[in-house]
Amino acid sequence: MRAGDRKGHLVFVQEFLMAADPDEVAATFEALRDGMRACEGDFPAGEEGPGTVEPMTVAEVGDNRYAELTTMEEAGGRASWLLHNVLVREGPVLMTLQVVDIVMG
């Protein structure tokens, strides 16, 4: 595959943004981060999988940040998924971003 060749890839982005009381936003960030951490590790094949969830480095942005990468096979092995999940808090603003790259074949 040549650099920039996206043949066989489906890429999409999902974003969520909220603004509220800074204490509420901080608590929401912590709850989401803790939930993401609880899912780390390997998971067996089921409806999807097998796969793994691991922490991922994210640029130093915002007051708090956390990111992880989920890598899994699609049921039947026709595709693999890379799900990049990023959580960032800056004062009273919380953003989550998910970039998904599905590779067919």
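Throughout, numbering of the chain's residues begins at 1 and tracks the sequence.
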Reported CG-to-CE distance for the pair Asp42 and Met72, which is rounded to 0.5 angstrom
14.0 Å
Would you say the side-chain atoms of Arg89 pair up with the backbone N or O of Gly91, donor to acceptor, closer than 3.5 Å?
yes
Are Leu17 and Val93 side-chain neighbours, meaning at least one heavy-atom pair lies under 4.5 Å?
yes
Measuring from atom CZ of Phe16 to atom CG of Leu97, what distance do you get when rounded to the nearest 0.5 angstrom?
13.0 Å
Joint hydrophobic cluster, Val88 plus Leu32, side-chain heavy atoms closer than 4.5 Å:
no
Within a strict 4.5 Å, meaning less than it, do heavy atoms of the Phe29 and Leu87 side chains meet?
yes
Roughly how far, to the nearest 0.5 Å, is CG of Asp34 from OH of Tyr66?
9.5 Å
Picking from Leu83, Leu69, Leu82, Val13, what satisfies side-chain contact (heavy atoms from CB on, under 4.5 Å) with Val99?
Val13
Minimum heavy-atom separation for Met36 to Glu68, with atom names?
O-OE1, 3.2 Å
For Gly62 and Glu90, work out which heavy atoms get closest and say how close.
CA-OE1, 2.9 Å
Could you pull out the closest heavy-atom pair between Asn85 and Met56, with the gap in Å?
O-CE, 4.3 Å
Nearest heavy-atom neighbours spanning Ala67 and Val58:
CB-CB, 3.9 Å
Any side-chain heavy-atom pair from Arg65 and Val86 closer than 4.5 angstrom?
no
What pair of heavy atoms forms the shortest contact from Thr71 to Phe43, and how long is it?
O-CZ, 4.5 Å
What distance separates Met18 CE from Thr28 OG1, expressed to the nearest 0.5 Å?
4.5 Å
Rounded to the nearest 0.5 Å, what's the gap from CD on Glu15 to OG1 on Thr96? Could you check?
7.5 Å
With side chains defined as the heavy atoms from C-beta onward, is the minimum distance between Ile102 and Met104 less than 4.5 Å?
yes
